[in-house]
Amino acid sequence: MSYCTLAVIGNFTYPSTSTSNPNPKVSISNSTQRRKEFVSLLKNCKDANQILPIHAKIIRTGHDQDPFILFELLRLSSTLSSVNYASTIFQLVHNPNVFLYTALMDGFVSAGSYSDGISLYFQMINRFIMPDKYVITSVLKACGSHFALREGKEVHCQASKLGLSSNRSITMKLMEFYGKCGEFDDARKVFDKMTERDVVASTIVINCFLDHGLVEQAIEVFDLVRVKDTVCWTAMIDGLVRNGEMNMALEMFREMQKENMRPNEVTIVCVLSACSQLGALELGRWVHSYIGKHHRIELNHFVGGALISMYSRCGDIDEAERIFAMMKERKVITYNLMISGLAMHGKSIQAIEIFRGMIKQGLLPTSFTFVAILNACSHGGLVNLGLEMFHSMSRDYGIPPQIEHYGCIVDLLGRVGHLKEAYNFIQNMEIAPDHVMLGSLLSACKIHGNFELGEQVARILMNHGVVDSGTYVLLANVYASSGKWKEAAQIRAKMKEGGIQKEPGCSSIEVNNEIHEFLLGDLRHPQKEKIYNKLEELNQVLKEAGHIPATDAVLHDIEDWEKEQALAIHSERLAICYGLISTKPCTTIRVVKNLRVCDDCHSMIKLIAKVTGRKIVVRDRKRFHHFENGNCSCGDYW
DNA sequence: CAAAATAGAC
């Protein structure tokens with residue numbers, strides 16, 4: 001990217017705010033009156049569909065070059081409609097002033113089209129239009145978000161020449177810009193020059209550190225802030241969540257309570273996100289009741305969506321449905337969240353119903369909506385409906401299928417054992433298959449015992465090049481299941497060769513508001529003796545009940561073949577055993593696992609649910625398993 | 001009157 005800049009400030013023209021009448025046919029007083037009317041009409045407009053008629057009227061009455069009207073029109077169309085429309089209007093303006101540039105640039109920035117915003121700024125400079133503090137603030141935001149270091153520095157120079165660099169909002173944006181670009185020394189320089197280093201400036205610094213994964217440095221700055229406000233706390237909590245430090249985020253939230261700082265909607269959304277990633281249902285419920293008790297926290301679509309997501313991902317899908325039913329303001333994302341929640345839990349029919357409701361509301365489904373719906377069909381074994389939906393998305397909604405949608409269909413067909421159809425489907429696709437899709441077919445081959453096709457798919461996969469650790473493990477498992485130990489060993493060797501690390505399996509369970517984490521064969525828990533005794537006891541009971549440990553699953557979680565015999569103690573078993581000894585009888589046990597459950601654990605958990613009379617809910621990487629009375633809601637396919 | 005936000009795929 002290259003921008004040509006003329007730095008001769010003297011050549012700049014002052015922005016034209018002239019009220020001169022561009023259209024001689026309209027009298028001045030009449031025109032001023034009309035302008036007022038249009039401006040207030042545009043300011044009060046809340047519906048995107050009204051922009052077009054208003055715009056038409058503006059043109060008809062000859063006000064299409066009026067800078068005041070244009071300013072409002074640009075703002076409105078870039079927030080309500082699309083920045084593309086705003087851009088089209090802008091191109092028809094004969095002499096756009098700095099305000100109009102700012103309006104369009106704000107549109108680009110909020111749409112995430114940062115490079116367009118930056119180009120627009122330099123186009124303005126090249127037309128000798130003098131930048132003001134507003135347009136500089138806006139372009140610095142774009143430069144920061146786009147990591148456009150060179151361009152941002154140039155803007156910094158221009159701001160200095162114009163005597164604007166000490167302006168408060170520009171200083172803030174400069175700091176943010178340097179921080180986002182990782183230029184902490186320069187950010188520091190700006191920070192040091194500031195006479196007033198308040199909580200706002202600190203919040204920016206904290207946020208920049210957290211953008212770069214520098215958690216410790218962020219905490220250091222945070223601790224030095226004397227008077228922290230809600231935004232500052234929230235920025236810290238959110239940053240910890242973004243850096244995967246869920247427990248620290250929740251700890252921070254507890255501390256915030258202790259200091260009597262009130263959370264707002266944003267804080268709640270961040271905390272709920274941490275809960276849902278951890279599977280911390282108890283804490284999530286507490287946050288929910290907190291919202292109920294504190295009426296200054298509104299159940300807007302952000303909070304509602306976060307609650308739906310939290311309850312779905314923590315295993316309480318009924319509560320997620322209740323929230324959804326209660327919400328007054330529902331957007332497409334709200335529907336998407338609800339549909340994928342239901343899909344995760346295998347509640348396909350309900351997911352379809354939500355989808356139909358969405359269409360009835362006049363909302364347009366997105367590409368994501370269809371992934372969620374196809375997932376629901378796949379998890380529920382609704383082959384015909386899934387195929388119908390797949391055709392409908394491009395035919396009725398103009399959404400061309402992407403690789404993910406094709407992949408859903410392969411999964412859908414594979415699940416019910418239509419392996420040949422799935423294979424043919426892949427061969428007839430307009431796009432090349434990827435390893436995820438092939439992996440899903442391979443997994444179907446394994447489950448349905450078609451090792452011939454499985455090997456064929458495996459060979460394609462191996463030639464494919466880019467394969468992730470999960471796929472390697474699956475490949476090795478397929479070979480192992482059909483007794484091809486040599487091939488299985490070769491895959492493992494290849495993994496080692498390529499330096500591909502298997503993600504360690506990890507399961508967690510929430511007991512008394514605390515998250516307990518377990519790794520494979522973990523011995524770190526203070527109650528490890530009791531846990532292992534329980535496991536031993538269960539193994540005995542299950543053996544008597546006729547459970548035979550499957551041998552093909554061991555490759556799932558174990559680094560070395562030798563470790564297998566000694567440590568076939570998958571993390572989910574430990575988490576479940578801990579749940580059994582630390583909760584009252586009949587309480588539902590909820591476990592969250594980072595990988596997918598192996599065959600052996602799956603059949604074992606079914607039996608554990610049966611002999612202990614407990615409901616056991618396991619969230620794995622892909623979906624939920626509700627174990628009850630010897631059965632699982634996934635119908636043994638996952 | 002500046003600073004913080006939703007989930008995201010086979």
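Since the model is a prediction, treat every value here as computed from it, not as a measurement. Throughout, protein chains are lettered first and strands after them, A, B, ... in sequence-line order, and every chain is numbered starting at 1.
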Exercise for review: Could you walk me through whether A/E319 and A/R285 pass the salt bridge (Lys or Arg N to Asp or Glu O under 4.0 Å) test, one step at a time?
Suggested key: CA-CA 10 Å; A/E319 190 57 33; A/R285 280 194 182 127; over 6 Å; no
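Ring pair A/H156/A/F177: centre-to-centre distance not below 6.0 Å. Aromatic pair A/F370/A/F390: ring centres not closer than 6.0 Å.
If you take CZ of A/F390 and P of B/dC10, they are 15 Å apart, rounded to a whole angstrom. What separates CZ of A/R621 from P of B/dC10 is a distance of 10 Å, to the nearest Å. One atom, CZ of A/F177, and another, C1' of B/dA2, lie 19 Å apart when rounded to the nearest Å.
Side-chain to base pairing of A/N375 with B/dC10: no donor and acceptor N or O lie closer than 3.5 Å to each other.
Judged purely by atom type and a 3.5 angstrom limit, A/D106 has no side-chain atom pairing as donor or acceptor with the backbone of A/V109.
Within a 6.0 Å radius of NZ in A/K228, more than 12 heavy atoms belonging to other residues, nucleotides or ligands are found. No more than 12 heavy atoms of other residues, nucleotides or ligands shown are found within 6.0 angstrom of CD on A/E216.
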Study note, to complete from the structure: Scoring nucleotides 3-8 of chain B by protein non-hydrogen atoms under 4.0 Å (B base, S sugar-phosphate only, - none) yields BBBBBB
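Contacts of A/S340 with the nucleic acid, taken as non-hydrogen atoms under 4.0 Å apart, are absent. Here A/V410 lies out of heavy-atom contact (under 4.0 Å) with every strand.
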